[in-house]
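First comes the structure, then the notes that go with it.
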Amino acid sequence: QVQLVESGGGSVQAGGSLRLSCAVSRYIYTGYCMGWFRQAPGKEREGVARIYTGTGSTYYADSVKGRFTISQDNNKKTLYLQMDSLKPEDTATYYCAAGSISAYDCYSIAWAGGYYGMDYWGKGTLVTISS
């Protein structure tokens with residue numbers, strides 16, 4: 001069982017930055033896909049960024065590409081999401097997740113639609129961006 005706890009959410013003005021962290025309860029061995037997802041009020045949950053722990057390869061949804069950066073620390077017990085140039089449409093609850101899916105699936109799974117291949121989810125942290 002893996003427990004994930006997000007932190008770092010808050011309220012900032014458009015154009016600002018936030019860094020989200022996800023503490024992982026145990027070492028995530030290679031072969032896991034970890035990701036950040038978000039859900040805005042009245043909308044479905046969508047993927048934002050993913051990283052495959054085996055290779056460090058990173059993937060981003062078009063809506064955040066060039067603005068968000070996903071990373072992991074060396075002992076693989078903390079996942080980060082650096083969010084820059086924030087926009088009001090980035091307002092959402094952000095979730096950390098982990099799944100034992102293949103590298104190809106980590107790369108290719110859709111960013112929206114409901115299925116993301118994740119086995120474990122955090123409870124989320126709220127990000128609010130004001131204009």
Side-chain angles (χ1 to χ4, degrees):
Q1 185 74 13
V2 176
Q3 292 180 328
L4 307 170
V5 180
E6 303 94 338
S7 61
S11 299
V12 298
Q13 289 190 326
S17 298
L18 281 173
R19 188 192 196 202
L20 305 183
S21 298
C22 173
V24 185
S25 62
R26 66 167 176 82
Y27 183 82
I28 296 292
Y29 294 94
T30 57
Y32 265 78
C33 179
M34 298 195 71
W36 287 96
F37 299 77
R38 66 187 182 187
Q39 187 167 15
K43 295 188 177 181
E44 292 186 350
R45 187 173 300 188
E46 62 179 5
V48 173
R50 295 191 292 256
I51 185 168
Y52 189 67
T53 59
T55 62
S57 297
T58 57
Y59 313 102
Y60 298 93
D62 287 343
S63 58
V64 305
K65 201 170 292 182
R67 300 188 298 121
F68 289 11
T69 303
I70 187 172
S71 63
Q72 62 186 32
D73 72 354
N74 290 336
N75 65 13
K76 301 182 181 178
K77 290 189 68 176
T78 306
L79 185 72
Y80 300 102
L81 185 68
Q82 177 67 41
M83 305 187 296
D84 299 317
S85 302
L86 284 161
K87 305 175 181 179
E89 51 263 44
D90 294 319
T91 294
T93 298
Y94 283 71
Y95 299 89
C96 171
S100 56
I101 58 176
S102 70
Y104 179 76
D105 284 345
C106 190
Y107 156 73
S108 64
I109 283 180
W111 295 103
Y115 173 72
Y116 303 114
M118 300 290 113
D119 302 312
Y120 307 102
W121 293 85
K123 294 184 178 181
T125 185
L126 180 61
V127 171
T128 304
I129 312 301
S130 57
S131 57

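Note that the numbering runs from 1 along the sequence shown for the chain. Atom set for the values below is all heavy atoms of this structure, side chains included, hydrogens, waters and symmetry mates excluded.
Proximity of a side-chain donor or acceptor of Tyr116 to a complementary backbone N or O of Phe37 within less than 3.5 Å is not detected. For Thr53 (side chain) and Tyr32 (main-chain N/O), a donor-acceptor pair under 3.5 Å exists by modelled atom type.
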Quiz item: Would Met118 and Cys33 satisfy side-chain contact (heavy atoms from CB on, under 4.5 Å), going step by step from the backbone distance to the final call?
Solution: CA-CA 8 Å; Met118 300 290 113; Cys33 179; 3.9 Å; yes
- [ ] Apply the test side-chain contact (heavy atoms from CB on, under 4.5 Å) to residues Ile129 and Val12: give CA-CA distance (whole Å), side-chain angles for both, the deciding distance (0.1 Å), then the verdict.
- [x] CA-CA 5 Å; Ile129 312 301; Val12 298; 3.3 Å; yes
* Show the numbers, then the answer: is there a salt bridge (charged side-chain N to carboxylate O under 4.0 Å, His left out) between Asp90 and Lys87? => CA-CA 5 Å; Asp90 294 319; Lys87 305 175 181 179; over 6 Å; no
- [ ] Show your reasoning for whether side-chain contact (heavy atoms from CB on, under 4.5 Å) applies to Leu20 and Glu6.
- [x] CA-CA 7 Å; Leu20 305 183; Glu6 303 94 338; over 6 Å; no
Evaluate the criterion side-chain contact (heavy atoms from CB on, under 4.5 Å) for residue pair Leu4 and Met34; output intermediate values, then yes/no.
-> CA-CA 11 Å; Leu4 307 170; Met34 298 195 71; 4.2 Å; yes
Under the salt bridge (charged side-chain N to carboxylate O under 4.0 Å, His left out) criterion, do Arg38 and Glu46 qualify, and how do the steps go? CA-CA 6 Å; Arg38 66 187 182 187; Glu46 62 179 5; 2.7 Å; yes
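Side-chain atoms of Thr78 and Val24, non-hydrogen and from C-beta on, never get closer than 4.5 Å to each other. Counting only heavy atoms from C-beta outward, the side chains of Lys123 and Val5 never approach each other to under 4.5 Å.
Here Asp119 contributes atom CG and Gln1 contributes atom CD; the two are 9.5 Å apart, rounded to the nearest 0.5 Å. Distance check, rounded to the nearest 0.5 Å: CG of Asp105 to OH of Tyr52 gives 9.5 Å. Rounding to the nearest 0.5 Å places CD1 of Ile101 at 4.0 Å from CD1 of Ile109. Put simply, CZ on Arg50 and CG on Leu79 are 13.0 Å apart, with the number rounded to the nearest 0.5 Å. With rounding to the nearest 0.5 angstrom, the CD atom of Gln72 is 13.5 Å from the NZ atom of Lys77. Distance check: Leu81 CG to Ile70 CD1 gives 6.5 Å after rounding to the nearest 0.5 Å.
Closest non-hydrogen pair, Ser17 versus Ser85, comes out as OG-N, 4.4 Å. The two atoms that bring Ala14 and Ser131 nearest to each other are CB-CA, 4.3 Å, heavy atoms only. Between Ala92 and Leu126, the closest heavy-atom pair is O-CD1, 3.6 Å. Heavy-atom minimum distance, Leu18 versus Gly8: CD2-O, 3.9 Å. Shortest non-hydrogen contact noted between Ala61 and Gly47 is CB-O, 3.6 Å.
Taking the six-membered ring for Trp and the full ring otherwise, Phe68 and Trp36 have centroids separated by 6.0 Å or more.
Both Leu86 and Tyr60 are members of a single hydrophobic cluster when ILVMFWY side chains are connected at heavy-atom separations under 4.5 Å.
Listed by chain and number, the residues in a ring-ring contact (aromatic ring centres under 6.0 Å, His included) with Trp111 amount to none (sequence neighbours excluded).
Here ring-ring contact (aromatic ring centres under 6.0 Å, His included) pairs that include residues 91-110, with residues two or more places apart or in two chains, are Tyr59-Tyr107.
The number of heavy atoms from other shown groups lying within 6.0 Å of CD (Gln3) does not exceed 12.
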